[in-house]
Engineer: 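Before I ask anything, let me first share the structure, which is written out below as structure tokens.
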Protein chains: 2
Amino acid sequence: MRPTIKDVARLANVSTATVSLSINGHARITKETKIKVEKAIKDLGYFPSRSARDLVSRKTGNIGFILTDGHFLKTEPFYTQIFLGTEFEARKHPYYILLATIPTNFKEEDELPRFILENSVDGILIAGRVSKIFLKKIMTYGLPTVMIDFHYSEKNHSAVLIDNMGGVSKATNALISRGHNNIAFLCAEHEHPSIQERYHGYKIALEKNSIPFSEQLIVSLDTIISTESGYDAAKELNKRGVDFSAVIACNDAMAIGAMQFFKETGKQIPEEISIIGFDDIEIDLYQDPPLSTISVPKIDMGQDAFQLMIEILEKRINNHKKIIVPVELILRDSVKTISKLS
Amino acid sequence: MRPTIKDVARLANVSTATVSLSINGHARITKETKIKVEKAIKDLGYFPSRSARDLVSRKTGNIGFILTDGHFLKTEPFYTQIFLGTEFEARKHPYYILLATIPTNFKEEDELPRFILENSVDGILIAGRVSKIFLKKIMTYGLPTVMIDFHYSEKNHSAVLIDNMGGVSKATNALISRGHNNIAFLCAEHEHPSIQERYHGYKIALEKNSIPFSEQLIVSLDTIISTESGYDAAKELNKRGVDFSAVIACNDAMAIGAMQFFKETGKQIPEEISIIGFDDIEIDLYQDPPLSTISVPKIDMGQDAFQLMIEILEKRINNHKKIIVPVELILRDSVKTISKLS
DNA sequence: AGACCTAAGTTAAACGTTTAACCAAAATCA
DNA sequence: TGATTTTGGTTAAACGTTTAACTTAGGTCT
């Protein structure tokens with residue numbers, strides 16, 4: 001039988017209340033008592049029972065992490081990494097993370113994750129794009145929520161977001177400063193807020209550098225973002241017969257698909273076409289040439305999201321804070337300097 | 001305030017014990033009472049409190065999933081997939097999965113996952129290789145355990161294992177039947193049981209096909225399995241100046257490292273060297289040429305492991321069952337036929 | 001008819017914490 | 001000095017279940 005607080009109390013010759021107060025760092029306890037208690041705890045190998053704690057505190061000690069099937073199954077380690085970040089952070093706090101996936105196309109009749117129905121979480125983290133229907137349904141439970149890498153601007157939630165605009169601006173600037181003037185922009189899922197922000201970052205950068213904007217250089221599909229849509233977008237761009245020396249894809253998957261197309265049509269990368277993606281996923285390194293990208297601090301995002309949750313939970317404030325995490329441009333061999341600007 | 005069992009009891013005009021017995025399907029309750037209780041539950045939207053239940057039943061409803069840092073951080077989606085498999089299966093049962101990572105090189109003074117210390121799990125799944133020290137330490141808690149893709153043969157545990165021997169035998173046979181007689185075998189971490197099994201599979205296949213075995217074709221490093229060690233192993237093989245037309249690497253990461261080395265030294269794959277890995281991870285497809293491999297059903301393994309756990313937990317039997325999951329050879333462009341055998 | 005069993009509930013204790021309310025002794029104050 | 005405050009603890013209730021032990025009203029035997 002594992003030791004309980006009573007055993008500790010007995011050994012330390014104090015009451016259970018003293019042990020509890022001591023453990024939880026209450027001011028009322030003197031240093032000496034605390035030491036006595038700590039010794040007893042150590043000697044017995046005592047650890048408080050979670051269920052007993054949860055029962056009295058009316059908390060569950062769990063945080064739910066929700067992701068769409070699509071995002072998890074893609075095995076792009078993108079959201080997996082974010083999940084891991086939350087897990088890392090959760091260890092420092094008295095919480096566990098419970099993972100659940102929901103159908104990508106969540107419908108009215110679909111069931112919410114079991115931990116919601118069973119009331120087994122104190123709050124939820126939602127990563128990536130989810131349907132409005134899902135969001136509406138889950139909001140009826142009134143749980144503290146932090147969204148990650150996605151949010152509906154009209155609904156007010158706490159969120160951890162990527163600096164999409166800044167990232168693509170950086171990429172665009174980098175290309176411009178390396179002599180590229182005709183930079184194509186490939187994207188899909190164009191109604192996705194993040195994609196719009198990325199597109200915006202591209203436009204802003206052109207403007208700032210007084211480079212004329214051309215519709216012809218933009219390929220915006222309404223299919224789902226994927227390697228295939230990257231391939232298709234590159235094909236469409238190619239068909240237009242317009243001049244370009246560089247391509248920015250709205251994420252790495254699309255960039256990789258685009259590279260595939262270009263290679264098939266005999267184009268040399270980066271000699272003829274420079275290319276930059278977004279996300280910084282593992283396989284970028286294994287491309288030929290290695291893909292340049294905007295690196296997103298995925299582990300950090302998970303940690304930030306968890307911290308934000310803790311803030312809401314423990315300080316009882318929910319100010320719908322938004323955290324924008326910075327991104328970093330990583331130039332690899334997929335980008336070539338055409339001519340240095342003086 | 002969420003309704004409690006008392007509210008249900010009051011509304012249904014019975015005692016809380018009756019409600020409890022009714023919910024848990026005890027025989028003593030008549031159909032009519034049960035219906036009354038169920039109506040009250042529905043009307044109130046009642047859901048039993050997990051912590052209260054756990055406290056009294058001394059169960060937690062959680063299963064711990066333990067992985068080393070190294071294995072998770074590698075972002076090889078290998079163990080991530082296995083984890084997902086357990087999660088999928090857990091949904092069908094009244095359990096949640098709690099994930100924790102431990103230091104790859106777990107030492108005596110390292111702390112066990114928090115959910116162990118806090119007694120928040122009813123059983124544990126351990127995926128991938130863990131140190132003996134860790135295993136010894138965790139076994140003192142006497143928790144039902146299922147190991148995945150690893151086990152110490154001298155300790156008797158339930159486990160879900162890969163058909164390592166069969167897999168490599170298949171690969172070897174496939175190469176032989178395509179005219180390869182000089183097949184190199186590259187591995188690292190040679191004391192790892194799985195690696196030994198794979199090596200064994202290679203030897204057996206040669207024997208069966210009456211192909212002479214040569215020490216010169218075996219590179220067995222004692223470093224950790226990784227892309228780098230694959231690179232190094234290939235280099236070592238190259239240095240020996242021995243003749244070979246095909247290579248089997250003990251996993252995909254090593255195969256990819258080896259391919260890198262061969263490419264750097266100007267060798268054509270598969271024209272000059274055919275190569276096969278093991279695991280079937282996502283990036284195989286993005287290799288140039290796409291890497292042939294032994295495919296492991298990762299999601300299935302997770303599901304199997306969870307089911308095994310349930311069996312142990314609910315049937316109260318622990319027969320130290322071993323499940324060997326079958327593997328499949330996937331031939332992609334990295335393998336070339338030298339000459340058909342008649 | 002009386003003894004005994006059975007069926008279907010109920011009562012109350014227990015699980016291991018936290019914490020509001022209480023208390024005694026020591027310190028401080030007027 | 002006696003009243004009051006502060007300090008450092010203790011007592012006991014409460015959290016929401018489960019379940020062993022008990023009860024009570026009918027039924028069954030002989």
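Numbers restart at 1 for each chain; the letters A, B, ... are given by sequence-line order, proteins then strands.
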Engineer: Which one, D:dT17, C:dT17, C:dT19, comes nearest to the side chain of A:P48?
Structural biologist: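 Comparing D:dT17, C:dT17, C:dT19 against the side chain of A:P48, the answer is C:dT17.
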Engineer: To the nearest Å, how far apart are A:I23 CD1 and C:dT18 C1'?
Structural biologist: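 From A:I23 CD1 to C:dT18 C1': 11 Å.
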Engineer: Do B:H93 and B:F306 have their ring centres less than 6.0 Å from each other?
Structural biologist: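 Distance test on ring centres: under 6.0 Å, yes.
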Engineer: Considering only NZ, NE, NH1 and NH2 on the basic side and carboxylate oxygens on the acidic side, decide whether A:R91 and A:E87 come within less than 4.0 Å.
Structural biologist: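 Judged by the 4.0 Å cut-off on N to carboxylate O distance, A:R91 and A:E87 do form a salt bridge.
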Engineer: Think A:T4 has a side-chain N or O under 4.0 angstrom from the OP1 or OP2 of C:dG16?
Structural biologist: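 Checking C:dG16 against A:T4, no side-chain N or O comes under 4.0 Å of OP1 or OP2.
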Engineer: Starting at atom NZ of B:K6, determine the distance to atom P of C:dT11, rounded to an integer number of angstrom.
Structural biologist: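 Nearest whole value for this atom pair: 13 Å.
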Engineer: Classify the side-chain pair B:Y79/B:D149 by whether it contains a donor and acceptor separated by less than 3.5 Å.
Structural biologist: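 Side chains of B:Y79 and B:D149: pair found under 3.5 Å.
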Engineer: Is any side-chain N of the basic residue among B:E189 and B:R129 closer than 4.0 Å to the acidic one's carboxylate O?
Structural biologist: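 A salt bridge is present here (some side-chain N lies under 4.0 Å from a carboxylate O).
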Engineer: Can you tell me if B:E89 and B:Y95 form a side-chain donor-acceptor pair at under 3.5 Å?
Structural biologist: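 B:Y95 and B:E89 do not have a side-chain donor-acceptor pair below 3.5 Å.
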Engineer: Would you indicate, yes or no, if C:dG9 has its OP1 or OP2 atom less than 4.0 angstrom from a side-chain nitrogen or oxygen of B:T33?
Structural biologist: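 Looking at the OP1 and OP2 atoms of C:dG9, one of them is under 4.0 Å from a side-chain N or O of B:T33.
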Engineer: For A:S49, answer base if it contacts any base atom (sugar-phosphate contacts may also be present), sugar-phosphate if it contacts only those atoms, and nothing otherwise; contact means non-hydrogen atoms under 4.0 Å.
Structural biologist: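 Sugar-phosphate: the residue A:S49, judged by heavy atoms under 4.0 Å, touches backbone atoms but no base.
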Engineer: OP1 or OP2 of C:dT10 less than 4.0 angstrom from a side-chain nitrogen or oxygen of B:T18, does that happen here?
Structural biologist: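 So the side-chain polar atoms of B:T18 do come within 4.0 Å of the phosphate oxygens OP1 or OP2 of C:dT10, strictly under.
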Engineer: Nearest whole angstrom, please: distance from the C1' of C:dG9 to the CG of B:L21.
Structural biologist: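 Answer to the nearest Å: 9 Å.
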Engineer: Quick check for you: among D:dG16, C:dT19, C:dA12, whose closest atom lies nearest to any side-chain atom of A:A17?
Structural biologist: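 So the nucleotide nearest the side chain must be C:dT19.
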Engineer: To the nearest Å, give me how far apart CD1 (B:I29) and P (C:dG9) are.
Structural biologist: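 In whole Å, C:dG9 P and B:I29 CD1 are 5 Å from each other.
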Engineer: Report the nucleotide, chosen from C:dT19, D:dT19, D:dG16, that has the shortest atom-to-atom distance to any side-chain atom of A:L55.
Structural biologist: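 Of C:dT19, D:dT19, D:dG16, D:dG16 is nearest to the side chain of A:L55.
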Engineer: Does C:dT18 have OP1 or OP2 sitting under 4.0 Å from an N or O in the side chain of A:S20?
Structural biologist: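 Looking at the OP1 and OP2 atoms of C:dT18, one of them is under 4.0 Å from a side-chain N or O of A:S20.
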Engineer: What is the distance, to the nearest angstrom, from the CZ atom on A:R2 to the C1' atom on C:dG16?
Structural biologist: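 Computing the A:R2:CZ to C:dG16:C1' distance gives 9 Å.
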Engineer: Would you tell me if any nitrogen or oxygen in the side chain of B:R50 comes within less than 4.0 Å of OP1 or OP2 on D:dT17?
Structural biologist: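 No, because none of the side-chain N or O atoms of B:R50 sits under 4.0 Å from OP1 or OP2 of D:dT17.
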Engineer: Are A:T60 and A:D54 close enough that a side-chain donor and a side-chain acceptor fall under 3.5 Å?
Structural biologist: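 A:T60 vs A:D54: no donor-acceptor pair found between side chains.
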Engineer: Looking at A:K31 and A:E38, is there a salt bridge between them, counting it only when a charged N and a carboxylate O are closer than 4.0 Å?
Structural biologist: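 Salt bridge between A:E38 and A:K31, a charged N being under 4.0 Å from a carboxylate O: no.
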Engineer: Please compare A:R53 and B:T30 by the position of their nearest nucleotide in DNA chain C and report the one closer to 5'.
Structural biologist: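 Nearest nucleotide further toward 5': that of B:T30.
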Engineer: Find the distance A:Y46:OH to C:dT17:C1' and express it as a whole number of Å.
Structural biologist: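 In whole Å, C:dT17 C1' and A:Y46 OH are 7 Å from each other.
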Engineer: In whole Å, I'd like the distance from the CD atom of A:E32 to the P atom of D:dT7.
Structural biologist: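 A:E32 atom CD is separated from D:dT7 atom P by 15 Å.
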Engineer: Please work out if B:N24 contacts a base, only the sugar-phosphate, or nothing of the nucleic acid, heavy-atom cut-off 4.0 Å.
Structural biologist: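 The answer is sugar-phosphate, as B:N24 gets under 4.0 Å only of primed atoms, P, OP1 or OP2.
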Engineer: Looking only at side-chain atoms of B:V56, point me to the closest of C:dG16, C:dA14, C:dT11.
Structural biologist: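 The nucleotide sitting nearest to the side chain is C:dA14.
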Engineer: Using five pairs at either end of the helix from C:dA1-D:dT30 to C:dA30-D:dT1, determine the angle between the two local helix axes and round it to 10 degrees.
Structural biologist: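 Its terminal axes enclose an angle near 50°.
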Engineer: Between A:F150 and A:H192, what is the ring plane arrangement, given parallel below 30°, perpendicular above 60°, and tilted in between?
Structural biologist: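 Because their plane-to-plane angle is over 60°, the rings of A:F150 and A:H192 count as perpendicular.
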Engineer: Whole Å only: how far is the NZ atom of A:K34 from the P atom of D:dG8?
Structural biologist: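 About 13 Å, once rounded to whole Å.
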